[in-house]
Amino acid sequence: MAKLDIERIRLKVYRFDPETDREARIDTHDVPYVDGMTVLDALFHVLEKIDGSLAFRFSCREGICGACAMFINGSYRLACETQVARVLREGHRELHVMPLPHLPVIKDLVVDMTRFWQNYEAIAPWIVTRTADPEKERLQSPAQRKLIDEYVGCILCGSCFSSCPSVWTGREYLGPNAMMKTYRWVVDSRDDAAVERLGRAGNEKGAWRCHTIFNCTEACPKKINQTSAIQGLKRRTVAAMLRGAR
Amino acid sequence: MIYHEVLVVGGGLAGLRAAIEAHDAGCEVAVLSRVHPVRSHSVAAQGGINAALGNHEKAQDDSPERHAFDTIKGSDYLADQDAVEILTSEAPVCIYEMEHWGCPFSRTADGRIAQRPFGGAGYPRTCYAADKTGHALLHTMYEQTLKRRIRVYEEWQVVSLAVEDGRCYGVVALDLRTGALEAVGAGAVIFATGGGGRIYGNSTNNIINTGSGMAVAYMAGVPLKDMEFIQFHPTSLFGNNVLMTEGARGEGGYLRNALGERFMEKYAPQAMELAPRDITARAIQTEINEGRGFPGGYVHLDLTHLGAERIMERLPAIRDIAINFTGVDPIYEPIPIQPGQHYFMGGIDTDSTGATEVAGFYAAGECACVSVHGANRLGGNSLLETIVFGRIAGRHAAGYVKGEGGEAARSGLAKVMARVLGETEKKVLRVLEADGPEDPADLRDELRETMFRTVGLFRDEKTMTAGLEKVHELRERYPRMGLRHRGRRYNLDWARNLELEGMILVAEAIAAGALARRESRGSHFRTDARERDDESFLKHTIARLTGDGPRLEYRPVTITRWEPKARTY
């Protein structure tokens, strides 16, 4: 990673405690820069050395647990895998760290994901089979496995949900993640509940609420094309309806 | 007061598996976790999970017995062999169950679960989902808890275990979001709180792995076992110690020093890069210490000969990590790596049912020591331990609640919980109001640096004694710390420094156990006692907390079929 010839980086971070603050504010901190520093490192510096009241989520610090999705310099990113140097290379001169937009703030960068989790649960995101479990594994060819590969990489960080205009405006919409995960089960060769899953998703609360804006796909830190999965759901919903009509 | 028949603390693989089992046994169950379950450290496991399925063409005659032997030899004969036999014989059942639950394992050409070679294993028996196996397993397990509608208390941190007269009554926990301290009574409590990697510097572990569950149990009088055995993973990314899976070597990756040599031929001529982790990590550190590493202190993990296709298919996540954090694309360039603290073989002392010496209190996963890993764990056996012993602990906790435990425990419940809540309230307020001169962030940094340097890959009496003295000093300084923030809601300053005390106490148990064990065994390597000494030390270390720190006792190792032999690879 290229070295940066700077000693400090200016961090502007969103602060809001809905129980005590009438409005949000932006705090500015100049944080000592070290090579390889990530946005999460900068937040920890603030917490440990400057202001112990800062709240944020964290866990794995390697981009796999999904805890630290934030809105950083105008993009959805995981704070832990976002190098300060990369943000600067994009032409920014300071770090702007905001909570995931359009979600209620619990405190500072910690958002309330309740609706995201409820919607995820609402699609019954577990395998449903109609045959007895075999003694060994259910066979699945590498080609069949490949169909779900992109979608099982989801880390449930909430970026897509936060980025989706249909989520902002339609309280009923289950959101891109729930739709993508529905598709993940519909195309899994081992799952037998495609009809029910399409029934749950093929309505105005589901896939048809997606207006193919692609925000979710752009927001996804794991580069999952959720919009394409939702389009797949629409195609299958129509195909199932046509089959039903015959 | 909140009450659950079975309360599981920890939402990783062991905790969720225990919760599912207790639920399916007819108990009312809740999980309490300091993060949302999918953020638990299990999610970061990469390379795989072992089971003698025999799916690989070179593993036709693999068996649970061979898996057991490899595990026992890998443990340097410190594992309890009856427990290892449970681990390896239950392994295929547990893996097939995860597959039936929808886990997206990678597949062989004929559609079976794919398996790859791993260190210290006689056959390719490590099942995998690319290099995101922990993620695949944890998400699948979470789906199953959703299906069962098991309640999860998210972002609650356990502060105390309620124990009286040798019986467990529940926990007292801090609800991070409100800052309220809550008593949670339970018929049985299962700890599945993970390891304590962050007690060490240079750790591969996630930031929340502070050993807090071990510490809470230890402070409630439950002994810890074999704490001196700390695994250092051979290949963590130079600079920030993010894990670079052993699967990279399983897929054929080489280790090279600055001279370009595949130096493992000097240390493990047969197994080469697939020697067990203790041997490989020491080999790397020896190369670095003797001047054959790269400036700054690292060697290369070279995957360039594997080709883009294999790397993209089998190792996509570590490729992303290497690119993100170091700018190195492993397809074209070798990855700079160094050993990093990785795993606690020791933990809360349990038997092979997950039970501790406190009635109604169970433990499973990395926070527990059954012991199946002994002095050195084989790669692919920790994920396996979580689901095998999570399930077993869940079943036994449920049996306890339905049998002798349930009603008897409830009779004194309110009184015990009120007492423990009161004591815990005093303790957490003392921390919240702490306004001394010591900076707790410095204490934590000093602790981590001290442990890696003095009770690390290579150990000796003098250095460890100095390390233990330093830990004592930190213990003295801890009450003189000052917090920066005194609000109760989502106060990370409070929550993190509350558990710093436990980190120090667990560090003390590690260092004391290591000092007392005057031999080298598995991960515990002493330059002033380089040989294994079965005569004196084929035994488990048991540490109990007293007013003056840990009191050590010893307990024999269970040997069933495999007599200790010299360990070569």
Side-chain angles (χ1 to χ4, degrees), chain A residues 1-2 17 19-20 35-36 38 40 44 47-67 81-83 106-108 110 113 117 120-121 124-127 129 133-142 144-145 148-149 152-156 185 188 190-191, chain B residues 35-36 38-41 43-44 53 92 95-97 99-102 104-113 129-130 132 134-136 139-140 143-144 146-147 177 206-208 239-240 242-243 316-317 320-321 324-327 439-441 444 483-485 487 489-494 496:
Chain A
M1 194 63 50
D17 183 343
E19 296 216 342
T20 54
D35 284 323
T38 65
L40 188 65
F44 265 108
L47 175 68
E48 293 185 346
K49 293 295 174 189
I50 303 174
D51 185 347
S53 69
L54 180 64
F56 52 96
R57 288 199 173 106
F58 55 87
S59 179
C60 77
R61 68 85 167 82
E62 58 187 78
I64 192 71
C65 83
E81 61 175 18
T82 302
Q83 299 262 334
I106 292 173
K107 191 179 159 196
D108 303 334
V110 176
M113 305 254 295
W117 295 118
Y120 179 55
E121 203 171 334
W126 49 80
I127 195 167
T129 54
D133 290 336
E135 191 194 337
K136 295 186 171 182
E137 65 269 67
R138 284 195 165 78
L139 297 180
Q140 182 173 54
S141 71
Q144 290 170 326
R145 171 63 177 73
I148 59 172
D149 194 54
V152 299
C154 169
I155 57 173
L156 298 171
W185 287 108
D188 192 321
R190 300 168 296 175
D191 188 80
Chain B
V35 289
H36 184 282
V38 302
R39 321 292 187 217
S40 306
H41 188 49
V43 81
L53 306 183
I95 299 291
Y96 288 135
E97 180 178 72
E99 198 285 328
H100 296 156
W101 285 349
F105 286 110
S106 295
R107 298 287 168 158
T108 62
D110 59 359
R112 291 178 295 159
I113 295 169
K132 294 177 273 192
H135 174 276
H139 280 241
T140 303
E143 290 157 11
Q144 291 298 311
L146 287 179
K147 180 181 174 185
R177 292 186 199 175
N206 74 6
I207 299 167
I208 62 170
N240 66 359
V242 171
L243 180 64
D320 282 350
I321 291 169
N324 269 337
F325 290 106
T326 66
D439 185 338
R444 191 183 300 104
L483 259 60
R484 289 185 165 77
H485 178 55
R489 294 188 67 245
Y490 224 104
N491 184 343
L492 294 175
D493 196 24
W494 185 24
R496 296 180 79 227

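Note on naming: letters A, B, ... go to the chains in the order of the sequence lines (proteins, then strands), and numbering restarts at 1 for each one.
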Looking at side-chain heavy atoms only, is the closest gap between B/L146 and A/P125 below 4.5 Å? yes
Would you call B/V242 and A/R61 a side-chain contact if the rule is heavy atoms closer than 4.5 Å? yes
Indicate yes or no: does A/R190 engage B/E99 in a salt bridge with an N to O separation below 4.0 Å. yes
Decide side-chain contact (heavy atoms from CB on, under 4.5 Å) for A/D108 and B/Y490; before the verdict, give the C-alpha distance in whole Å, the side-chain angles of both, and the deciding distance to 0.1 Å. CA-CA 10 Å; A/D108 303 334; B/Y490 224 104; over 6 Å; no
Do A/I155 and B/H135 have side chains that approach each other closer than 4.5 Å (heavy atoms only, starting at C-beta)? yes
Heavy-atom distances under 4.5 Å only: say whether B/D439 touches chain A with side chain, backbone, both or neither. side chain
Pairs of heavy atoms under 4.5 Å with chain A: top-ranked of B/H41, B/R177, B/K132, B/Q144: B/R177
Would A/V152 and B/H139 count as a side-chain contact (heavy atoms from CB on, under 4.5 Å) here? Give the steps. CA-CA 9 Å; A/V152 299; B/H139 280 241; over 6 Å; no
Side chain / backbone / both / neither for A/L156 at chain B, heavy atoms under 4.5 Å: both
Which atoms form the tightest heavy-atom contact between B/A109 and A/P142, and what is the distance? O-CD, 3.7 Å
Report yes if some heavy atom in the side chain of B/E97 is under 4.5 Å from a heavy atom in the side chain of A/D133; otherwise report no. no
Heavy-atom donor-acceptor pair, A/E81 side chain to B/I321 backbone, under 3.5 Å: no
Is it the side chain or the backbone of A/Q144 that comes within 4.5 Å of chain B heavy atoms, both, or neither? neither
Once you round to the nearest 0.5 Å, how far does CG of A/L47 lie from NE2 of B/H485? 10.0 Å
Top of A/G153, A/G63, A/A67 for chain B proximity - count of heavy-atom pairs under 4.5 angstrom: A/A67
Under 4.5 Å from any heavy atom of chain B - which part of A/Y120: side chain
Could you measure the distance from the CD atom of B/E143 to the CD1 atom of A/I127? Nearest 0.5 Å is fine. 9.0 Å
Could you tell me the separation between the OG1 atom of B/T108 and the CD atom of A/Q140, rounded to the nearest 0.5 Å? 11.0 Å
Verdict with reasoning, A/E48 to B/R496, per side-chain contact (heavy atoms from CB on, under 4.5 Å): CA-CA 10 Å; A/E48 293 185 346; B/R496 296 180 79 227; 2.9 Å; yes
Side chain, backbone, both or neither: which part of A/V110 has an atom under 4.5 Å from a heavy atom of chain B? side chain
Atom group of A/T38 that falls short of 4.5 Å from chain B, counting heavy atoms: side chain
Chi angles and distances behind the side-chain contact (heavy atoms from CB on, under 4.5 Å) call for B/F105, A/E137: CA-CA 10 Å; B/F105 286 110; A/E137 65 269 67; over 6 Å; no
Under 4.5 Å from any heavy atom of chain B - which part of A/R145: side chain
Most contact-rich option vs chain B, by heavy-atom pairs under 4.5 angstrom, among A/S53, A/C60, A/A55, A/S141, is A/S53
Does any heavy atom of chain B fall under 4.5 Å from the side chain of A/K136, the backbone, both, or neither of them? both
When the 4.5 angstrom heavy-atom criterion is applied to B/A44 and chain A, the contacting part is both
How long is the straight-line distance from CG of A/L54 back to CG of B/D493, given to the nearest 0.5 Å? 10.5 Å
Does the side chain of B/I208 reach to within under 4.5 Å of the side chain of A/F58, using non-hydrogen atoms? yes
